[in-house]
Amino acid sequence: MTFLISAGPTREPIDPVRYISNRSSGKMGYAIAEAALDMGHDVILISGPTNLAPPRDVKVVSVSTSDEMFQAVHQHAEDSDVCVLCAAVADYKPAQVSPVKIKKRDEGISIELVPTRDILQSLGRQASRKFLLVGFAAETDHLEANATKKLREKNCDIIVANDVRIGMETDENELLILFRNGETKKISRAPKKILARELVKIFSNLQQKGLTKKM
Ligand code: CTP
């Protein structure tokens, strides 16, 4: 199977030297890429800026902004069997990007932010998609309720929910997996590499079942 995996943060420029971003390290997405590769799958990794070395034999598409990530994901999704959108895409970007460095002044300044496009939702809305669509939910509270809402609103097959107070920038995480049919599965705290192997097994099994059903 071919896995498309998005990982890491995006950077939304304010001016040539400044941007808005978040603390995502990309570790979970890179671990999923490595696990998928180890299990014999082809992997396209669409990555925002991270400090990680991508696994060998993975096709890497490096992006920076949410718009670049949107384009890259759409370009490769059709050729994939499983799309795992693990990236922490910025929800807002500056309405205008200053072409020159904004100079310091004595008074405060405001930056107008506008929403970015939701990549996961845009794939979920494709009526004829053939790939399994997996989203992540990064939450600090009401984990299951918020993740259930994302599963429904973004129309994906699976949402992998995690509490960012445990998983952000660390090597471990604890996951709650929500399926479209209402089933849930909890995976207790473990290194991201172990979790990644579990996830890849779940995704490929479900995609296999879907394909068998369609035949
Ligand atoms: N996502 C996306 N495009 C965006 C924002 C999020 O594709 N512009 C995807 C993420 O890759 C993830 C899922 O949507 O798979 C949920 O991301 P998350 O940050 O948890 O939720 P948001 O939709 O941004 O909602 P909120 O910030 O209100 O929790």
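In each ligand, atom 1 is the first atom listed, and ligand 1 is the first ligand listed. Start at 1 with the first residue, then count along the sequence.
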- Only pairs at least two apart or in different chains count here, so list each side chain to side chain donor-acceptor pair (under 3.5 Å) that has a residue in residues 20-36. R23-E169, K27-D171, Y30-S47, Y30-T50
- Task: Kindly state each residue pair satisfying side chain to side chain donor-acceptor pair (under 3.5 Å) with at least one member in residues 107-125, sequence neighbours excluded.
- Result: D67-R117, H74-S122, D118-K154
- Joint hydrophobic cluster, V97 plus I102, side-chain heavy atoms closer than 4.5 Å: no
- Quick one: side-chain contact (heavy atoms from CB on, under 4.5 Å) partners of N181, sequence neighbours excluded? F179, E183
Ligand 1 N/O to protein N/O, distances under 3.5 Å:
{"residue": "ligand 1", "atom": "3 (N)", "partner": "I119", "partner atom": "N", "Å": "3.0"}
{"residue": "ligand 1", "atom": "7 (O)", "partner": "I119", "partner atom": "N", "Å": "3.2"}
{"residue": "ligand 1", "atom": "7 (O)", "partner": "L120", "partner atom": "N", "Å": "2.8"}
{"residue": "ligand 1", "atom": "8 (N)", "partner": "T116", "partner atom": "OG1", "Å": "3.4"}
{"residue": "ligand 1", "atom": "8 (N)", "partner": "R117", "partner atom": "O", "Å": "2.9"}
{"residue": "ligand 1", "atom": "11 (O)", "partner": "L85", "partner atom": "O", "Å": "3.4"}
{"residue": "ligand 1", "atom": "11 (O)", "partner": "A87", "partner atom": "O", "Å": "2.7"}
{"residue": "ligand 1", "atom": "14 (O)", "partner": "K154", "partner atom": "NZ", "Å": "3.0"}
{"residue": "ligand 1", "atom": "15 (O)", "partner": "L85", "partner atom": "O", "Å": "2.6"}
{"residue": "ligand 1", "atom": "15 (O)", "partner": "F136", "partner atom": "N", "Å": "2.9"}
{"residue": "ligand 1", "atom": "15 (O)", "partner": "F136", "partner atom": "O", "Å": "3.3"}
{"residue": "ligand 1", "atom": "20 (O)", "partner": "A138", "partner atom": "N", "Å": "2.9"}
{"residue": "ligand 1", "atom": "20 (O)", "partner": "K150", "partner atom": "NZ", "Å": "2.8"}
{"residue": "ligand 1", "atom": "21 (O)", "partner": "K150", "partner atom": "NZ", "Å": "3.0"}
{"residue": "ligand 1", "atom": "23 (O)", "partner": "K154", "partner atom": "NZ", "Å": "2.5"}
{"residue": "ligand 1", "atom": "24 (O)", "partner": "D91", "partner atom": "OD1", "Å": "2.8"}
{"residue": "ligand 1", "atom": "24 (O)", "partner": "D91", "partner atom": "OD2", "Å": "3.1"}
{"residue": "ligand 1", "atom": "27 (O)", "partner": "D91", "partner atom": "OD2", "Å": "2.9"}
{"residue": "ligand 1", "atom": "29 (O)", "partner": "K150", "partner atom": "NZ", "Å": "2.9"}

- Message: Whether the Q96 and S98 side chains hold a donor-acceptor pair (N or O, under 3.5 Å, no angle test) is what I'd like checked.
- Response: no
- Scan side-chain atoms only and decide if S66 and E12 contain a donor-acceptor pair under the 3.5 Å cut-off. yes
